[in-house]
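Following: one structure in structure tokens, then a few remarks.
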Amino acid sequence: DMRYRNRLATLVLAALAAGLSVVSVNAGDAYTQHCAQCHGESGAGNLELGAPHLTGLSESYISRQLSGFKAGWRDNRDLQTRTMTSAIATLDDNSLSAAVAAIARLPHQKAKKTAQTQSGDLARGKDLYTAYCSACHGTNGTGNDALGAPSLVGLDSDYMNRQYRHFVEGRRGFHPDDRYGKQMARLSLAVKDPNLIHDISSYVVQLPF
């Protein structure tokens, strides 16, 4: 339609002005078409939809998770997982790769904090994070690709709480091909109390981006 054509024309002109290739234009358009509706034009996520911020995550992590969604690595009982699985079900590898490339070029954005963020015990969360999370995710929460541990900075507490619980409950990390997910599922059992999990996420969202 006309709106799509105008958007594409804008992308082309911007690419020409910046000296970017046609591949870059296609990549940006893939994100706009397939991801921005939930994750936002800037990639900062959408709290109401439960769509996480993306700009702090590495290309390798995002690519692995997209492959995992398509391969059935996630339990589909929650609405957010079903929505994501459905959204990428018909996308081919080229479209997914183009979207990942576009995400990698987005300026870093920090997700908004929720009201619940302030309710956690930050001191206890820091102690727990240091003891159980920092070895893989880093003292500053920036992750470690060699260990398959994503960056956590910029993610909202609701998303982190939900995903951590999924690991504890066996809804993530159960698939035999999900090597790093299995690792997280095993380690997550060290902290299973929802209040303590929330303390950890409350601490993480305070980390500088």
Side-chain angles (χ1 to χ4, degrees), residues 27 30-40 43-47 49-106 108-109 111 132-133 135-138 141-192 197 200-201 204:
Y31 178 81
T32 300
Q33 286 187 68
H34 306 304
C35 315
Q37 183 175 355
C38 291
H39 294 278
N46 186 316
L47 294 176
L49 297 177
H53 129 288
L54 299 175
T55 65
L57 301 173
S58 69
E59 289 185 69
S60 61
Y61 178 78
I62 295 175
S63 294
R64 187 166 66 249
Q65 296 311 307
L66 289 176
S67 297
F69 272 108
K70 295 199 77 169
W73 290 7
R74 303 285 190 101
D75 183 303
N76 259 350
R77 279 178 287 172
D78 63 288
L79 177 60
Q80 294 88 354
T81 304
R82 288 198 302 273
T83 299
M84 182 63 186
T85 301
S86 240
I88 67 169
T90 60
L91 301 184
D92 59 24
D93 291 342
N94 288 335
S95 295
L96 293 176
S97 296
V100 172
I103 293 168
R105 292 197 303 274
L106 292 172
H108 282 195
Q109 302 286 334
Y132 297 111
C133 313
C136 292
H137 292 280
T142 52
N144 186 328
D145 272 343
L147 299 176
S151 172
L152 302 175
V153 291
L155 294 174
D156 66 89
S157 61
D158 289 349
Y159 176 78
M160 285 189 281
N161 290 341
R162 184 169 66 251
Q163 296 307 311
Y164 195 107
R165 289 196 305 271
H166 285 185
F167 280 113
V168 171
E169 296 165 2
R171 297 172 62 182
R172 282 190 68 176
F174 62 86
H175 196 280
D177 294 333
D178 187 6
R179 171 188 172 190
Y180 298 116
K182 288 167 64 179
Q183 174 178 282
M184 179 61 192
R186 184 176 66 254
L187 295 173
S188 71
L189 298 179
V191 181
K192 296 189 288 186
I197 293 169
I200 294 172
S201 68
V204 172

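As a basis for the values below, the full set of heavy atoms in this structure was taken, side chains included, without hydrogen atoms, waters or symmetry mates. Since the structure is predicted, the reported quantities are computational estimates derived from the model, not experimental observations.
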Report the distance from atom [atom1] of [X] to atom [atom2] of [Y], rounding to the nearest 0.5 Å.
X: Arg77; Y: Arg82; atom1: CZ; atom2: CZ; result: 11.0 Å
X: Arg74; Y: Phe174; atom1: CZ; atom2: CZ; result: 9.5 Å
X: Met184; Y: Leu147; atom1: CE; atom2: CG; result: 13.0 Å

ask   = Can you tell me if Ser95 and Asp92 form a side-chain donor-acceptor pair at under 3.5 Å?
value = yes

Less than 4.5 Å apart, side chain to side chain, heavy atoms only: is that true for [X] and [Y]?
X: Leu54; Y: Tyr31; answer: yes
X: His166; Y: Asp78; answer: yes
X: His137; Y: Pro150; answer: yes

Restricting to side chain to side chain donor-acceptor pair (under 3.5 Å), what partner residues turn up for [X], sequence neighbours left out?
X: Asp177; answer: none
X: Ser188; answer: none
X: Ser86; answer: none

request  = Evaluate the side-chain contact (heavy atoms from CB on, under 4.5 Å) criterion for residues Leu155 and Val204: first the C-alpha distance (whole Å), next the side-chain angles of each, then the deciding distance (0.1 Å), finally the verdict.
outcome  = CA-CA 8 Å; Leu155 294 174; Val204 172; over 6 Å; no

State whether the side chain of [X] and the backbone N or O of [Y] hold a donor-acceptor pair below 3.5 Å, judged by distance alone.
X: His39; Y: His53; answer: no
X: His108; Y: Thr55; answer: yes
X: Tyr180; Y: Tyr61; answer: no

